[in-house]
Undergrad: 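Quick one: the structure is below, questions incoming.
All heavy atoms count here, side chains included; hydrogens, waters and symmetry mates do not. Computed from a predicted model, the values in this text were never measured in an experiment.
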Amino acid sequence: MKKENVCIEDVLTAISDNTALVLFNTIALAEGSPIQIRKIGLTTRQYYSKLSRLTRTGLVTRKNGKYFLTLLGKIIFEIHVTACKALSYHWKLKAIESIQMAAPVGTTLPEEEFSKVVDTLIDDYEIKSMVTRALTSMENHEKFLRQQNGEQAIRVELEAF
């Protein structure tokens with residue numbers, strides 16, 4: 001029986017172990033070509049077990065005896081590729097984070113300077129864009145927290161009168 005609603009937990013579970021992820025990637029890259037299970041290091045039982053889970057979660061479909069990624073599967077594959085790219089920048093991302101965290105509380109590196117640091121360390125446009133969005137989101141969150149703390153301090157002062 002096919003499950004109508006698939007949640008993120010189902011998707012992550014389906015690709016959570018290395019063999020399932022290898023199979024998922026192989027199907028994505030094979031584009032309907034036959035898959036040689038021994039070459040990807042799976043037993044027949046593992047192959048069909050992983051394939052069944054990928055199919056039940058709606059990541060893979062079978063058409064004319066061949067397996068293809070569904071639209072959801074293609075989106076998840078793209079997310080996976082992006083995550084792998086981000087992981088390849090792990091230490092550079094930590095360096096950017098360290099620079100940002102080193103600034104005294106309430107101050108930040110000028111946006112132009114910070115942009116130069118990001119441009120120097122990260123050459124992939126997509127990852128660079130994600131870093132910029134994440135940093136902007138963090139800054140907005142910090143501003144919100146400072147505003148909340150300021151409002152709370154004002155309330156305390158007013159209540160003291």
Side-chain angles (χ1 to χ4, degrees), residues 2-37 39-42 46-47 49-63 66-148:
K2 194 171 182 178
K3 194 174 176 182
E4 290 299 318
N5 294 322
V6 178
C7 65
I8 188 67
E9 183 180 316
D10 296 332
V11 171
L12 293 176
T13 300
I15 59 173
S16 65
D17 65 77
N18 193 45
T19 54
L21 191 56
V22 167
L23 178 58
F24 179 68
N25 289 338
T26 302
I27 292 169
L29 299 172
E31 297 177 341
S33 299
I35 297 169
Q36 297 179 354
I37 23 183
K39 281 191 175 182
I40 58 175
L42 296 174
Q46 286 174 321
Y47 172 77
S49 172
K50 307 296 180 191
L51 192 57
S52 173
R53 191 179 306 156
L54 291 170
T55 304
R56 272 195 321 267
T57 56
L59 298 174
V60 172
T61 190
R62 184 176 178 189
K63 185 176 180 181
K66 297 176 183 177
Y67 291 94
F68 298 89
L69 293 186
T70 62
L71 185 55
L72 174 63
K74 289 177 183 181
I75 292 168
I76 296 299
F77 180 72
E78 287 300 316
I79 292 168
H80 167 66
V81 168
T82 302
C84 288
K85 274 193 243 176
L87 285 171
S88 73
Y89 287 98
H90 174 74
W91 290 108
K92 292 178 179 182
L93 294 172
K94 291 206 59 89
I96 292 168
E97 217 169 45
S98 293
I99 292 167
Q100 186 182 32
M101 299 300 277
V105 176
T107 63
T108 58
L109 193 63
E111 192 174 323
E112 187 178 303
E113 294 298 317
F114 201 77
S115 181
K116 286 179 185 177
V117 170
V118 172
D119 285 342
T120 301
L121 292 175
I122 300 181
D123 54 4
D124 182 272
Y125 175 77
E126 184 178 16
I127 301 300
K128 195 181 302 187
S129 172
M130 292 172 85
V131 166
T132 304
R133 282 195 316 267
L135 292 174
T136 302
S137 172
M138 285 172 53
E139 287 171 6
N140 289 341
H141 181 69
E142 287 171 3
K143 285 178 186 174
F144 173 76
L145 289 177
R146 282 194 301 273
Q147 180 183 359
Q148 291 289 86

Undergrad: Can you give me the closest heavy-atom contact between Ile127 and Lys85, atom names plus distance?
TA: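 Looking at all heavy atoms of both residues, the closest pair is CD1-CB, 3.9 Å.
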
Undergrad: Using modelled atom types and a 3.5 Å cut-off, is there a donor and acceptor pairing between side-chain atoms of Ser129 and backbone atoms of Tyr125?
TA: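 Looks like no, no N/O pair under 3.5 Å.
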
Undergrad: Once you round to the nearest 0.5 Å, how far does CD1 of Ile37 lie from OG1 of Thr19?
TA: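 It comes to 12.5 Å.
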
Undergrad: Say you draw a straight line from NE2 of His90 to CG of Leu87; how long is it, rounded to the nearest 0.5 Å?
TA: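 Spacing of NE2 (His90) from CG (Leu87) equals 8.0 Å.
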
Undergrad: Look only at the side chain of Ser115 and the backbone of Glu112, and say whether a donor-acceptor pair between them is shorter than 3.5 Å.
TA: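 Judged by distance alone, no pair lies under 3.5 Å.
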
Undergrad: If I compare all heavy atoms of Val6 with all of Arg56, which pair ends up nearest, and what's the gap?
TA: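 Heavy atoms only, the tightest pair is CG2-O, 4.5 Å.
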
Undergrad: If you measure from OH on Tyr67 to CG on Leu54, what distance do you get to the nearest 0.5 Å?
TA: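 Nearest 0.5 Å value for the OH-CG distance: 10.5 Å.
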
Undergrad: Under 3.5 Å, is there a donor-acceptor pair between the side chain of Asp10 and the main chain of Cys7?
TA: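 Looks like yes, one N/O pair under 3.5 Å.
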
Undergrad: With distance as the sole test, does Ser16 use its side chain to make a donor-acceptor pair with the main-chain N or O of Thr13 at under 3.5 Å?
TA: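 At least one qualifying donor-acceptor pair exists.
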
Undergrad: How many angstroms lie between CD1 in Ile35 and OG1 in Thr26, if you round to the nearest 0.5 Å?
TA: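 If we round to the nearest 0.5 Å, Ile35:CD1 and Thr26:OG1 are 6.0 Å apart.
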
Undergrad: Measuring from His80:NE2 to Ile15:CD1, what's the distance to the nearest 0.5 Å?
TA: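 Going from NE2 on His80 over to CD1 on Ile15, the span is 7.0 Å.
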
Undergrad: Flag the pair Asp123 / Tyr89 as yes when at least one side-chain heavy-atom distance between them is below 4.5 Å, and no otherwise.
TA: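 In short, these two side chains touch, coming nearer than 4.5 Å.
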
Undergrad: Report the C-alpha separation of Leu69 and Val60 in whole Å, then their side-chain angles, then the decisive distance to 0.1 Å, and conclude whether the side-chain contact (heavy atoms from CB on, under 4.5 Å) test is met.
TA: CA-CA 4 Å; Leu69 293 186; Val60 172; 4.0 Å; yes

Undergrad: Considering non-hydrogen atoms only, spot the tightest contact between Ala86 and Leu93 and give its length.
TA: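 In terms of heavy atoms, the two residues are closest at O-CD1, 3.7 Å.
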
Undergrad: Pair Ile27, Phe77 - check side-chain contact (heavy atoms from CB on, under 4.5 Å), show working.
TA: CA-CA 10 Å; Ile27 292 169; Phe77 180 72; over 6 Å; no

Undergrad: Could you go through Arg53 and Thr57, starting from their C-alpha distance and side-chain angles, then the distance that decides it, and tell me whether this counts as side-chain hydrogen bond (donor to acceptor under 3.5 Å, both in side chains)?
TA: CA-CA 6 Å; Arg53 191 179 306 156; Thr57 56; over 6 Å; no

Undergrad: Which pair of non-hydrogen atoms, one from Ala20 and one from Ala14, has the smallest distance, and what is that distance?
TA: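 The pair with the smallest heavy-atom distance is CB-O, 3.1 Å.
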
Undergrad: Taking only Lys NZ, Arg NE, NH1 and NH2, and the carboxylate oxygens of Asp or Glu, determine whether Asp17 and Lys50 approach each other closer than 4.0 Å.
TA: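 So Asp17 pairs with Lys50 through a salt bridge.
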
Undergrad: If you measure from CZ on Phe24 to CG on Leu29, what distance do you get to the nearest 0.5 Å?
TA: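 Taking CZ in Phe24 and CG in Leu29, the distance rounds to 10.0 Å.
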
